[in-house]
**Q** 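Sending over a structure as structure tokens; questions will come in a sec.
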Amino acid sequence: MNIRTFPTPELTAAAAAEAFAQTARAAVRDRGAFHVALSGGSTPKLMYKVLRDMPEMPWQSVHIYFSDERSVGPDSPESNYRLAQDELLNHVPVPTAQVHRMGGEVQPLDAAAEAYAALLPTQLDAVLLGMGDDGHTASLFPGTGALGATGRVASNFVPRLNTGRLTFTYAEINAARERWILVTGAGKAGILRQVHQGEGGHPIAGVQDAVWFVDAAAGAELANI
Ligand code: 6PG
């Protein structure tokens, strides 16, 4: 595993933001656009804060997607889209038409998954992911149907949360040019060690060739492996 560890969440976020910026500049230079999927959850907040003020960012040529979404509308406090809007997209000049929201409020969710798959580019340039304390990523939760889904986007009922989700499949995540996984906090140290050691069968282990940005707290159990 390609794990980059940093002393603090802030330095971890700064490193991830720099990788985002460098990849964005290269994609726009080479292909005229940067197609990136953001993760949900709270970990990326610090990274988004750094990205807001990142110099020389080609925001006009950036297309934003989401690797998963809760079954809520865009104004819900639970919405991954709303979090990205509040923490990043309201602060940078990405054209509105280039922010592609997952329709978490659409029923049935299968239709929303199909519609979202249809608007994806042939290949994403990058997918940003987090890791839950149960080893899930995107909305690929342990023991759920989407783990075996084919196609690019799937609906997924998560019994533990008693809710439906929309999520990228492994195929979509692993087809992107790059994958970044951002993990901070002591609460994830045990899972991260298990994933690193190939134990536990955690869903995030299905993500291939990712660069992991990890703070010292989350990486605490990796030191003596
Ligand atoms: C979601 C996310 C999910 C998230 C992890 C980590 O919708 O919840 O996409 O996969 O990345 O649960 O969440 P935190 O960053 O809040 O720990």
Side-chain angles (χ1 to χ4, degrees), residues 6 8-10 12-13 15-17 20 36-51 64-74 76-89 100-105 109 112-113 116 124 126-147 149 153-170 172-174 176 179-192 194-195 200 202-207 210-215 217-220:
F6 302 86
T8 65
E10 290 73 15
T12 308
F20 184 108
V36 58
L38 302 181
S39 87
S42 57
T43 301
K45 282 183 179 178
L46 286 175
M47 175 184 173
Y48 295 160
K49 193 171 179 182
V50 176
L51 276 176
I64 298 285
Y65 304 84
F66 294 85
S67 57
D68 72 323
E69 186 57 276
R70 290 84 181 276
S71 50
V72 296
S76 165
E78 289 298 306
S79 165
N80 289 334
Y81 164 82
R82 176 172 169 182
L83 182 138
Q85 285 287 107
D86 292 346
E87 301 295 329
L88 176 61
L89 301 176
H100 308 283
R101 181 178 72 85
M102 277 188 168
E105 75 283 10
L109 275 180
Y116 202 75
L124 288 167
V127 178
L128 174 68
L129 296 167
M131 183 184 80
D133 55 13
D134 61 354
H136 80 264
T137 191
S139 283
L140 297 168
F141 283 82
T144 59
L147 295 174
V153 183
S155 63
N156 194 27
F157 180 72
V158 184
R160 182 168 73 87
L161 304 175
N162 190 30
T163 185
R165 292 281 188 104
L166 288 170
T167 184
F168 277 179
T169 62
Y170 283 123
E172 182 59 22
I173 291 169
N174 291 324
R179 279 153 296 285
W180 305 311
I181 303 176
L182 189 56
V183 183
T184 61
K188 301 190 180 170
I191 292 282
L192 188 57
Q194 288 183 341
V195 173
H202 300 296
I204 199 163
V207 175
V211 177
W212 294 69
F213 294 89
V214 174
D215 75 342

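Just so you know, ligand 1 is whichever comes first in the structure, and atom 1 is the first atom listed for that ligand.
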**Q** Working to the nearest 0.5 Å, report the span between CG of Leu38 and OH of Tyr65.
**A**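 Leu38 atom CG to Tyr65 atom OH measures 11.5 Å (nearest 0.5 Å).
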**Q** What does the N/O contact table under 3.5 Å look like for ligand 1?
**A**
residue	atom	partner	partner atom	Å
ligand 1	7 (O)	Asp68	OD2	2.9
ligand 1	7 (O)	Arg70	NE	2.9
ligand 1	7 (O)	Arg70	NH2	3.4
ligand 1	7 (O)	Asn80	ND2	3.0
ligand 1	7 (O)	Arg165	NH1	3.3
ligand 1	8 (O)	Arg70	NH2	2.8
ligand 1	9 (O)	Gly40	N	3.3
ligand 1	9 (O)	Asp68	OD1	2.7
ligand 1	9 (O)	Asp68	OD2	2.9
ligand 1	10 (O)	His136	NE2	3.3
ligand 1	10 (O)	Ala138	N	3.2
ligand 1	10 (O)	Ala138	O	2.6
ligand 1	12 (O)	His136	NE2	2.8
ligand 1	15 (O)	Ser42	N	3.2
ligand 1	15 (O)	Thr43	N	2.8
ligand 1	15 (O)	Thr43	OG1	2.6
ligand 1	16 (O)	Ser42	N	2.8
ligand 1	16 (O)	Ser42	OG	2.9
ligand 1	17 (O)	Lys188	NZ	2.5

**Q** Looking only at side-chain N and O atoms, does Asn156 offer a donor or acceptor that is under 3.5 Å from a partner on Thr167?
**A**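 No donor-acceptor contact under 3.5 Å links the two side chains.
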**Q** Starting at CG of Asp68, measure out to OG1 of Thr137 and round the result to the nearest 0.5 Å.
**A**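 Answer for the CG-OG1 pair, Asp68 versus Thr137, is 8.0 Å.
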**Q** Checking the side chain of Arg70 only, and the main-chain atoms of Glu78 only, is there a donor and an acceptor separated by less than 3.5 Å?
**A**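 The answer is yes, because a donor-acceptor pair under 3.5 Å joins these two groups.
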**Q** When rounded to the nearest 0.5 angstrom, what is the spacing between OG in Ser139 and CZ in Phe168?
**A**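 One gets 11.5 Å once the value is rounded to the nearest 0.5 Å.
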**Q** Can you tell me how far the CD1 atom of Ile204 sits from the CG atom of Asp134, to the nearest 0.5 Å?
**A**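 So the gap between those two atoms works out to 10.0 Å.
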